[in-house]
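First up is the structure itself, then whatever we jot down about it.
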There are 2 protein chains.
Amino acid sequence: MSPARALTSLPAIVAAGRSLLEEGGLDAVTMATVAARVGVKPPSLYKHVRDRAALLAAMATDGAQELAVVLAEAARKRADAPPAERLTALAGAYRGFARRSPRTAAMLFANYGPELQAPLEPAGLAAKPVIDVAAELVGAARSLAAARVLTAFTYGFTSMEAAGAFRFGGDVDEAFQLGVAALARGLAAA
Amino acid sequence: MSPARALTSLPAIVAAGRSLLEEGGLDAVTMATVAARVGVKPPSLYKHVRDRAALLAAMATDGAQELAVVLAEAARKRADAPPAERLTALAGAYRGFARRSPRTAAMLFANYGPELQAPLEPAGLAAKPVIDVAAELVGAARSLAAARVLTAFTYGFTSMEAAGAFRFGGDVDEAFQLGVAALARGLAAA
DNA sequence: ACCTGAACACCGTTCAAGT
DNA sequence: ACCTGAACACCGTTCAAGT
């Protein structure tokens with residue numbers, strides 16, 4: 001009589017996917033491994049998620065929402081600081097997120113099928129504090145362009161770092177700080 | 001009597017993989033589709049390549065070699081130009097490569113398994129002209145750090161562009177040029 | 001309304017057998 | 001020395017049947 005009670009949920013499935021991703025990479029995110037982790041059989045996942053690609057997109061969106069919180073918090077703490085200092089704090093907060101969730105971070109701006117773009121809302125939320133600092137540095141007219149520059153650098157750097165692409169030795173922290181400082185100075189002067 | 005003549009080769013397999021990648025994304029690069037494109041059955045590929053992950057790594061290495069040629073050529077043409085101008089030319093050449101081969105470019109600094117790092121040689125070759133401009137901008141002591149900053153920005157920007165991540169409208173070319181100019185100015189001033 | 005077992009097409013990979 | 005057909009374990013996905 002009573003219809004089957006839900007044993008899992010979309011948030012639980014997304015969380016399972018993200019933890020499997022960080023533990024073993026994309027190949028480890030299987031409908032079977034995700035199902036096992038949430039205590040269900042693989043076909044049941046399709047009641048919560050259209051297919052595997054949609055699950056990956058939902059994981060990326062979840063990461064974007066988490067990042068939005070992290071960035072908003074960092075911006076709030078330095079609300080009255082000069083823009084270069086707030087930019088440094090934002091970049092550091094992003095990098096902290098990328099180190100805690102490197103594989104999720106590498107997914108943030110990836111493309112999982114043409115129909116699977118993450119919704120604009122979480123991305124916009126994460127972008128808000130970045131656009132705000134950018135506006136202070138270059139003015140409102142070019143704030144979007146400057147925010148894209150800042151995001152591209154931070155995303156590129158942290159993705160390369162996570163992939164182990166910095167293999168010629170040297171101090172990686174120093175390089176990150178040099179980049180943030182150069183962008184703060186160079187954008188303000190542009 | 002006569003042992004079977006080779007019907008394909010590693011370069012042909014890598015080229016087939018790259019064209020399939022650009023046409024249909026990573027999911028389209030299948031041992032079966034690659035084999036069909038080079039005119040062989042799937043098991044034969046394993047005489048030329050250890051497994052699919054190694055094929056993907058070889059495709060990335062091939063892209064890095066192509067990029068090295070493109071960058072060396074751009075640097076050669078502007079050998080006597082001021083560093084900011086040569087940097088602009090290098091960034092433009094990289095972006096041109098990324099637009100011709102967006103999915104290969106997105107792979108350049110990705111990680112396909114811990115044992116599958118691309119060999120250092122092609123990466124170093126591609127990095128050479130970037131490190132050279134970086135040295136002119138910030139001095140030899142910080143040239144590696146500055147080259148990492150430049151690469152991170154360019155890789156991040158072109159990856160986001162290829163993934164369709166710039167979705168708030170605005171002029172994407174302008175943003176790229178703003179970033180290159182800001183880095184040239186900001187690094188020189190640092 | 002959600003869960004499951006059974007089934008399907010497909011994929012990566014191995015291997016013995018061909019030339 | 002490289003190629004092939006057959007076989008295997010696994011994966012994503014569908015669907016009819018359960019509660």
Side-chain angles (χ1 to χ4, degrees), chain A residues 1-61 103 107 110-116, chain B residues 1-61 103 107 110-116:
Chain A
M1 289 279 193
S2 71
R5 271 264 279 141
L7 297 183
T8 187
S9 65
L10 182 59
I13 289 167
V14 167
R18 278 189 62 185
S19 65
L20 284 163
L21 173 69
E22 297 299 345
E23 288 162 25
L26 256 189
D27 288 352
V29 184
T30 277
M31 298 309 266
T33 56
V34 171
R37 188 154 292 199
V38 300
V40 113
K41 303 294 173 184
S44 299
L45 296 180
Y46 293 85
K47 289 287 162 183
H48 303 270
V49 109
R50 182 152 48 84
D51 54 22
R52 182 173 181 267
L55 170 57
L56 297 182
M59 289 161 52
T61 299
R103 284 162 161 153
M107 261 173 105
N111 193 346
Y112 292 91
E115 309 307 321
L116 283 171
Chain B
M1 291 279 194
S2 70
R5 272 266 279 139
L7 297 183
T8 186
S9 65
L10 181 58
I13 290 167
V14 167
R18 280 190 62 184
S19 65
L20 284 163
L21 173 69
E22 296 301 344
E23 287 162 25
L26 256 189
D27 288 351
V29 184
T30 278
M31 299 308 267
T33 56
V34 171
R37 188 153 294 199
V38 299
V40 113
K41 303 292 172 184
S44 299
L45 296 180
Y46 293 84
K47 289 288 161 183
H48 303 272
V49 109
R50 182 153 48 84
D51 54 22
R52 182 173 180 268
L55 170 57
L56 298 182
M59 288 160 53
T61 300
R103 284 162 161 153
M107 261 173 106
N111 193 348
Y112 293 91
E115 308 308 320
L116 282 171

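Heavy atoms only: backbone and side chains are in, while hydrogens, waters and symmetry mates are out. Quick note on labels: first sequence line is chain A, next is B, and so on, each numbered from 1.
- Side-chain atoms of B:V40 lie closest to D:dT4 of the nucleotides D:dG12, D:dT4, C:dC2.
- Counting any heavy atom pair closer than 4.0 Å across all strands shown, A:K41 reaches sugar-phosphate atoms only and no base atom.
- Atom pair B:R5:CZ and D:dA1:P shows a separation of 15 Å (rounding to whole Å applied).
- If you check C:dG12 for Watson-Crick or wobble pairing at under 3.5 angstrom, you find it paired to D:dC8.
- Look at C:dA17: it lacks any Watson-Crick or wobble partner with both distances under 3.5 angstrom.
- Taking atom CG of B:D27 as the reference point, atom P of C:dA9 lies 20 Å away to the nearest angstrom.
- Taking CG from A:L10 and NZ from A:K47, the interatomic distance works out to 15.0 Å, rounded to the nearest 0.5 Å.
- Between the side chain of B:R52 and the backbone N or O of B:V29, at least one donor-acceptor pair lies under 3.5 Å.
- Protein atom CG of B:L26 is 11 Å distant from nucleotide atom P of C:dG12, rounded to whole Å.
- When heavy atoms are screened at a 4.0 angstrom cut-off, A:T30 is found touching the sugar-phosphate backbone but no base atom.
- Here C:dC3 presents its C1' atom at 12 Å from CD1 of A:I13, a figure rounded to the nearest Å.
- In this structure, B:S44 does not reach the D:dC2 phosphate: none of its side-chain N or O atoms is under 4.0 Å from OP1 or OP2.
- Note that the CG atom of B:D51 and the CG atom of B:L56 stand 9.0 Å from one another [nearest 0.5 Å].
- The nearest whole Å value for the distance from the CZ atom in B:R50 to the P atom in C:dT13 is 10 Å.
- Checked against D:dG12, C:dC3, C:dT14, the side chain of A:R52 finds its nearest nucleotide in D:dG12.
- No donor-acceptor distance shorter than 3.5 angstrom exists from the side chain of B:T30 to the backbone of B:T33, with no hydrogens or angles considered.
- The separation between B:Y46 atom OH and C:dA17 atom C1' is 19 Å, rounded to whole Å.
- Nearest to the side chain of B:P43, among D:dT14, C:dG12, C:dT14, sits C:dT14.
- Residue B:L45 contributes atom CG, which lies 9 Å from atom P of D:dC3 at whole-angstrom precision.
- Going from atom CE of A:M31 over to atom P of C:dC8 covers 21 Å, rounded to whole Å.
- Phosphate proximity of C:dA1 to A:H48: absent, as no side-chain N or O sits under 4.0 Å from OP1 or OP2.
- The CD1 atom of A:I13 lies 4.5 Å from the OG1 atom of A:T8; values are rounded to the nearest 0.5 Å.
- For A:L7, the listed nucleotide lying nearest its side chain is C:dT4; candidates were C:dT4, D:dC3, C:dT14.
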